[in-house]
Structures are given as structure tokens and as C-alpha cells.
Asker: 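Have a look at this one before I ask anything.
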Amino acid sequence: MANYYNDTPELKFHLNNPLMRRIVELKERNFADAKEYDYAPTDFEDAMDNYNRVMEIVGEICAETIAPNAEGVDHEGPVCENNRVRYASGTVENLDITRKAGLMGMSMPRRFGGLNLPTVPYIMAADMVSSADAGFENLWGLQDCAETLYEFGNEDQRQRFISRVCNGETMSMDLTEPDAGSDLQSVMLKATYSEKDNCWYLNGVKRFITNGDADIHLVLARSEEGTHDGRGLSMFIYDKRNGGVNVRRIENKLGIKGSPTCEIVYKNAKAELCGERKLGLIKYVMALMNSARLGIAVQSAGISQAAYNEALAYANDRKQFGKSIIEFSAVSEMLVTMKAKLDAARAIIYETARYVDIYKSLDDISKERKLTPEERAEGKKYSKMADALTPLSKGLGSEFANQNAYDCIQVHGGSGFMKDYTCERLYRDARITSIYEGTTQLQVVAATRYVTTGFYLEMIRNLEAETASVKAELQPLRNILINITNEYEETVKEVVEKESTEYIELHARRMVEMAGYTIMSYLLLRDANNCNLFDKSVEVFVKFTRAQNAQRAAFIKNSNLDEINLYKA
């Protein structure tokens with residue numbers, strides 16, 4: 001029987017990373033839940049066995065239900081009827097089976113009905129769901145909005161809303177508006193407090209809202225009269241049961257068609273404040289977006305996996321000139337490069353997830369007791385590292401997903417252009433990953449400060465030291481990476497020494513990509529040292545990095561301040 005988890009050994013490798021022992025220790029709080037919940041683990045081995053069993057359930061559902069439904073959902077899509085969303089029949093089946101399997105609210109504490117899973121296994125499940133149907137992942141994966149509600153809501157709100165998510169209700173995050181896309185400071189949906197009714201009312205329009213007819217919404221709205229920037233925005237919880245919100249239309253999209261992207265109208269919709277006033281964008285949405293960006297990064301990995309699987313299967317089956325096309329070097333090179341990009345993306349995505357697990361668990365513990373100085377330092381360290389790697393994971397991971405989907409069609413040739421093959425849908429689904437939850441260009445903006453401050457270089461040098469004792473057969477690759485690192489350091493120094501903000505901005509993407517490729521290469525080298533699954537991928541990706549970085553370094557070396565105006569439209 002097919003199973004997306006058992007059939008992808010790379011996932012099991014990432015689940016069994018050495019940092020998981022620390023993550024489980026923090027997440028399970030000395031396994032105190034075992035006294036109250038019979039399904040809670042009693043020790044580390046029990047916890048890991050539990051994660052593996054949950055991943056197997058997800059893998060089976062993906063293979064047996066979600067993937068077979070994907071094509072039908074893509075064709076049928078959701079529809080807007082009487083200002084409400086009606087899902088495609090396959091989506092209804094997908095939601096039903098994931099609810100019955102207890103896969104909603106996976107990362108939430110057991111006291112709310114969740115499974116208390118760390119981030120790593122949760123996004124691993126999202127990886128598989130995305131591989132089966134990226135559109136459905138946009139519905140199922142929005143349960144991570146509950147993380148924001150858990151982090152910033154009060155205990156009463158947690159009890160009322162998170163328990164509903166764990167029981168299978170859906171969520172959405174209502175941020176963007178017709179005149180406020182990436183620039184969320186421009187949000188104008190109005191929140192007005194009624195002394196008479198002792199509640200808030202929301203009025204306005206939200207656009208491009210994923211799963212916009214969800215049961216529970218997190219809404220960014222302007223609560224402070226007369227303001228026009230981020231300091232006047234607050235976060236609100238809207239409950240669909242209270243009415244006041246209608247779906248005006250569902251967007252007709254290129255891809256991820258099973259996920260309804262809605263324009264919704266708030267008209268005196270009753271809502272309640274989440275957290276403190278004025279911190280909606282400054283604090284809460286920033287936290288929500290970081291989580292969402294990691295989610296899109298792993299969605300990209302799932303699409304990359306699906307594209308690679310489809311291309312590999314077709315290349316083995318398709319015969320031309322008397323042999324399978326995989327035997328032609330032009331095709332085989334594409335396939336090994338696709339796999340290398342997939343493995344490299346997963347290396348940085350799961351490393352980021354591990355960092356998120358540690359700092360978020362420590363932050364949660366800090367609400368129960370005072371952290372020790374060592375714990376505070378640990379939390380600060382991993383928080384900064386997660387913040388630095390998130391834009392690389394999302395930005396580069398989504399670009400690789402697009403490249404792999406493109407190459408998947410190329411392997412299929414003319415057949416890939418036809419709707420008879422899955423690769424056509426994957427190509428359409430992949431395109432949005434480098435746009436939503438912050439475009440690749442915005443990820444570059446977020447990452448640039450880690451380039452100019454030397455933080456990425458410090459991370460790379462630490463990885464260089466960490467991999468000093470890799471196996472003898474991997475040492476030549478490490479030597480290449482040392483040269484790549486030196487080239488990166490010199491290139492960044494050359495740009496920064498110009499002391500021009502515009503010049504840094506001009507070359508920001510090139511420098512960020514150089515840093516990202518180098519970090520991914522070192523992480524993949526470390527993985528290959530521990531598991532032969534990555535032997536070919538690390539060699540291919542290190543050489544890919546050498547070529548890509550050399551090209552960017554040469555471009556920068558041959559440019560000057562006078563060229564700034566050349567690239568202004």
C-alpha cells in the first residue's frame with residue numbers, strides 16, 4: 001500500500017535529527033501529560049514512536065485519499081453560493097477524513113484536544129499533504145493560525161476557539177485588502193468598539209483571503225481612529241457563527257484551485273480583540289507571517305517532491321530511440337538536479353523548524369515559570385537563527401519548487417503541456433509559492449540585514465567548523481565549500497565598502513542567494529555525512545552552488561556605483 005511517509009525515507013531522516021531530543025524534552029515538560037492523557041508519551045522513545053505513527057497515518061491518507069482526489073478538486077473547484085463557499089466534493093472528503101483521523105490542531109496542547117506535536121512533525125505532515133494536493137494544504141495547513149491564537153489570546157479565547165480547531169473547524173487569516181497587499185500598514189478595515197454592546201464591530205473589505213469562509217478568522221483591522229500606519233492596527237477574532245461577513249466572490253486562479261481565495265465583506269461583524277490594541281501588525285501579524293512563511297516553504301518542498309516523482313516515473317517509462325529517456329544524459333542531469341534542489345531545500349526548512357521548536361517551547365515555558373539564564377540565552381540564540389533562516393527557506397525553497405515544476409514538464413515533453421498529466425497542475429500550483437506570504441523580493445529584503453551584519457557568514461563559518469570531521473570521501477566537497485565561503489565573504493565586503501544603501505539594494509538578491517546556497521550546501525553536507533541517501537545530491541548541489549555563486553560574484557565584481565541608475569525603470 002502506498003504511503004507518502006514510508007515511501008520517502010528522507011522525511012524519516014529529518015524526523016530523527018539529534019536536536020529532537022531537546023525539542024521533545026521542552027515540548028513534553030518531563031512527560032507530565034502522561035498522567036492525564038493515555039495517548040501522551042512517557043519518555044523520548046515513546047514520543048518519537050508516536051510522531052512516527054502519526055506521520056504514517058498522514059502518509060496513508062495522502063496516498064489513499066488526498067492525492068487521488070486532487071485532479072477532481074482541481075477541475076471542480078469551490079463555488080460561491082448565496083454568499084457562502086461550497087467546497088469541491090473531493091475537498092469535503094479530504095476534510096472529513098483528516099478530521100476523523102484527529103489531524104486538526106496537531107500542534108496544540110492536549111488540554112484543548114490537540115496532539116501537542118512539535119513544529120517539525122507538524123510541517124512534515126504539511127510537506128506530505130502539499131505533495132498530494134497543494135490546494136488542500138492551504139485549507140488544512142491554516143490550522144497553524146491557532147498557534148497565533150494560542151500565543152497571544154487569553155485563556156478564555158484559547159478554551160473557546162482552539163478546542164474547536166482541534167475538533168475540525170477551519171481558520172483563516174484576513175490581512176490583505178484591495179489597497180493593502182504587501183503594504184499591510186495601509187489596512188483600513190475599520191474596528192469600532194461599542195460601549196453599549198461591550199464588543200467590537202468590523203466594517204470593510206478583505207481581498208485574497210485564503211479559505212475566506214472559514215469558521216474562525218484572525219482579522220487585522222484599524223482600531224485607532226485617525227491613524228494611517230501600523231501603530232493603529234489591532235488583531236481581532238471573528239466567529240462565523242455570529243454572522244456579519246459575506247463572501248462577495250471567489251477568485252478565478254491559475255492554480256491551487258481547491259483552495260477558495262475570497263473577497264469578503266464585513267458589515268457590522270461582531271468580533272473580539274486578540275491580545276493588546278495597536279500591536280496587531282507590529283507584533284502579532286509578524287509572528288503569524290513567520291509561521292506562514294515556513295508553511296509556504298514546506299508547501300514548496302511538497303510540490304518539489306511531487307514534481308520529482310512525476311518526472312522520474314515518466315522518464316523511466318517513456319521510451320525513445322529504443323531506450324528509456326532517463327538513460328539520456330540531458331534528462332538524467334535534470335532529474336538529479338531536481339532531487340538535489342529538493343534535498344537542499346528540505347535541509348534548510350527542517351533546520352529552521354528545529355530552531356523554531358526550541359525557541360517557541362522556551363517562550364511557552366516562560367509563561368509558566370522563570371527561565372534560567374542558560375534557557376534565556378538558548379531561546380534568544382535559536383530565535384535569531386530561525387528569523388535569519390526563514391526568509392531563505394521560503395524564498396529559495398519556493399523558487400526551487402517553481403524550477404522543479406518547470407523541469408517536470410520539460411521531462412514530459414509535449415505530453416507535459418496536456419492536462420492528462422499531473423505535472424501540468426503542479427506547474428500551476430507552484431507559481432504562487434514565490435508570491436504569497438511575502439514575495440521572493442520581500443524575503444530578500446528581510447534577509448539582507450543578515451548579509452550586511454555578517455550574521456550569515458558567522459552561521460556559515462560555524463557550519464564549516466561543525467563539518468570539519470566529515471567522511472574522507474566528502475572532504476573534497478567541504479574544501480570546495482570553504483572556497484565558496486571565502487568568495488562570498490569577499491563579495492559582500494566589496495559591496496558593503498561602497499557605503500551605498502542603493503548599491504546594497506541593487507545586489508541584495510545576489511548576495512542573499514549566495515548566502516542561502518552556501519548554507520544549504522553545508523547543511524546537505526552534514527546530512528550526507530550521516531546518511532547515504534544524500535550522497536549524490538550533496539555533490540550535485542555543491543557544484544551547483546559553486547557555479548551559481550561564481551556567476552553572482554562576477555556580476556558584482558564587474559559592476560560599480562554608476563550602474564545604479566541603469567536598473568531604475
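All values below come from the heavy atoms of this structure, side chains included, with hydrogens, waters and symmetry mates left out.
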Asker: Will you find, in the side chains of Thr433 and Gln299, an N or O donor that is under 3.5 Å from an N or O acceptor?
Answerer: no
Asker: Would you check if the side chain of Asp429 reaches a backbone N or O of Ala134 as a donor-acceptor pair within less than 3.5 Å?
Answerer: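 Checking the backbone N and O of Ala134 against the side chain of Asp429, no donor-acceptor pair under 3.5 Å is found.
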Asker: Taking atom CG of Asn252 as the centre, report whether more than 12 heavy atoms of other residues, nucleotides or ligands fall under 6.0 Å from it.
Answerer: no
Asker: Taking all non-hydrogen atoms of both residues into account, name the closest pair between Ala297 and Ser393 and its distance.
Answerer: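 Looking at all heavy atoms of both residues, the shortest contact is CB-O, 3.5 Å.
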Asker: Quiz question: by atom type and distance under 3.5 Å, do the side chains of Asn203 and Asn268 form a donor-acceptor pair?
Answerer: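 The criterion, which ignores hydrogens and geometry beyond distance, is satisfied for Asn268 and Asn203.
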Asker: Please confirm whether the backbone N or O of Leu220 pairs with a side-chain atom of Lys206, one donor and one acceptor, at under 3.5 Å?
Answerer: yes
Asker: Taking Val85's backbone N and O only, do any of them form a donor-acceptor pair with Asp213's side chain (distance below 3.5 Å, no angle check)?
Answerer: yes
Asker: Between Asn462 and Glu458, is there a donor-acceptor pair closer than 3.5 Å when you use the side chain of the first and the backbone of the second?
Answerer: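 Yes.
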Asker: Can you list the steps and then say if Tyr266 with Tyr238 is a ring-ring contact (aromatic ring centres under 6.0 Å, His included)?
Answerer: CA-CA 10 Å; Tyr266 283 81; Tyr238 165 73; 5.7 Å; yes
Asker: Measure the OH-CD distance between Tyr503 and Glu494 for me, rounded to the nearest 0.5 Å.
Answerer: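 Interatomic distance, Tyr503 OH to Glu494 CD, rounded to 0.5 Å: 6.0 Å.
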Asker: Going by atom types only, do Asp127 and Tyr350 share a side-chain donor-acceptor pair under 3.5 Å?
Answerer: yes
Asker: For a quick test of reading the model, state the closest non-hydrogen atom pair linking Met171 to Ala214 and the distance between them.
Answerer: C-CB, 3.4 Å
Asker: Return yes if some donor-acceptor pair links the side-chain N/O of Asn82 with the main-chain N/O of Arg84 below 3.5 Å, else return no.
Answerer: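 No, Asn82 side chain to Arg84 backbone: no donor-acceptor pair under 3.5 Å.
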Asker: Parallel, tilted or perpendicular: which describes the rings of Tyr150 and Phe112, with under 30° parallel and over 60° perpendicular?
Answerer: perpendicular
Asker: Could you report the tightest heavy-atom contact between Gly77 and Ala88, atom names first, then the distance?
Answerer: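 That would be O-CB, 3.7 Å.
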Asker: What I want to check is whether the side chains of Asn549 and Thr518 have a donor and an acceptor closer together than 3.5 Å.
Answerer: yes
Asker: Quick check against the 3.5 Å criterion: does Lys253 have a side-chain atom that pairs as donor or acceptor with the backbone of Ser259?
Answerer: yes
Asker: Find out whether Arg29 and Glu368 are in side-chain contact, i.e. whether some heavy atom of one side chain is under 4.5 Å from a heavy atom of the other.
Answerer: yes
Asker: Do the side chains of Glu177 and Arg207 get close enough for a salt bridge, i.e. N-O under 4.0 angstrom?
Answerer: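 Result for this pair is no, no salt bridge flagged.
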Asker: Quiz question: by atom type and distance under 3.5 Å, do the side chains of Ser361 and Lys27 form a donor-acceptor pair?
Answerer: no
Asker: Any sub-3.5 Å donor-acceptor pair from Arg164's side-chain atoms to Glu169's backbone N or O?
Answerer: no
Asker: With side chains defined as the heavy atoms from C-beta onward, is the minimum distance between Ile519 and Leu389 less than 4.5 Å?
Answerer: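 Touching, per the 4.5 Å side-chain cut-off.
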Asker: Do the non-hydrogen side-chain atoms of Asp74 and Arg428 ever get within less than 4.5 Å of each other?
Answerer: yes
Asker: Under 3.5 Å, is there a donor-acceptor pair linking the side chains of Gln403 and Glu399?
Answerer: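 No, because no side-chain N or O of Gln403 sits under 3.5 Å from a partner of the opposite role on Glu399.
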Asker: Got a donor-acceptor contact below 3.5 angstrom from the Gln443 side chain to the Gly438 backbone?
Answerer: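 It does hold such a pair.
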Asker: When the aromatic ring centroids of Tyr382 and Tyr355 are compared, is their separation below 6.0 Å?
Answerer: yes
Asker: Could you tell me whether the side chain of Asp144 and the main chain of Glu147 form a donor-acceptor pair under 3.5 Å?
Answerer: no
Asker: Which of these passes side chain to side chain contact (heavy atoms under 4.5 Å, CB included) with Asp357: Val120, Val24, Leu26?
Answerer: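 Among Val120, Val24, Leu26, the one that satisfies the side chain to side chain contact (heavy atoms under 4.5 Å, CB included) with Asp357 is Val120.
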Asker: I'd like to know whether the aromatic ring centres of Trp140 and Tyr122 sit less than 6.0 Å apart in this structure.
Answerer: yes
Asker: Which heavy atom of Glu224 sits nearest a heavy atom of Ser234, and at what distance?
Answerer: OE2-OG, 4.2 Å
Asker: Could you tell me whether the side chains of Glu513 and Gln548 share a donor-acceptor contact shorter than 3.5 Å?
Answerer: no
Asker: Any chance you could measure Phe152, atom CZ, to Leu273, atom CG, to the nearest 0.5 Å?
Answerer: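 Nearest 0.5 Å value for the CZ-CG distance: 13.0 Å.
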Asker: Does the salt bridge (charged side-chain N to carboxylate O under 4.0 Å, His left out) test come out yes or no for Glu490 and Lys493, once each step is laid out?
Answerer: CA-CA 5 Å; Glu490 291 168 10; Lys493 182 180 178 183; over 6 Å; no
Asker: Quick one: does NZ or CZ of Arg510 land under 6.0 Å from the six-membered ring centre of Phe555, within 45 degrees of the ring axis?
Answerer: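 Positive - Arg510 is close enough to the ring of Phe555 and near enough to its axis.
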Asker: Do Ser398 and Ser300 pair up side chain to side chain, a donor and an acceptor below 3.5 Å, judged on atom types alone?
Answerer: no
Asker: Looking at side-chain heavy atoms only, is the closest gap between Cys166 and Met104 below 4.5 Å?
Answerer: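 No; the side chains remain at least 4.5 Å from each other.
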Asker: Under 6.0 Å between the ring centres of Tyr436 and Phe208?
Answerer: no
Asker: Give a yes-or-no answer on whether the side chains of Ser521 and Thr545 include a donor-acceptor pair shorter than 3.5 Å.
Answerer: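 Short answer, yes.
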Asker: Compare every heavy atom of Asp215 with every heavy atom of Thr170, then report the nearest pair and how far apart it is.
Answerer: N-OD2, 2.9 Å
Asker: Inspect the contact between Glu151 and Lys283 and indicate whether a charged nitrogen and a carboxylate oxygen are less than 4.0 angstrom apart.
Answerer: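 Answer for the salt bridge query: no.
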Asker: Tell me the closest heavy-atom pair linking Gly102 and Leu115, and the distance in Å.
Answerer: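 Heavy atoms of Gly102 and Leu115 come nearest at O-CD1, 3.5 Å.
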Asker: Verify whether one side chain among Ser366 and Arg369 offers a donor that lies under 3.5 Å from an acceptor in the other.
Answerer: no
Asker: So for atom NZ, which belongs to Lys367, do other residues, nucleotides or ligands contribute more than 12 heavy atoms lying within a distance under 6.0 Å?
Answerer: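 Enclosed: over 12 neighbouring heavy atoms sit under 6.0 Å from NZ of Lys367.
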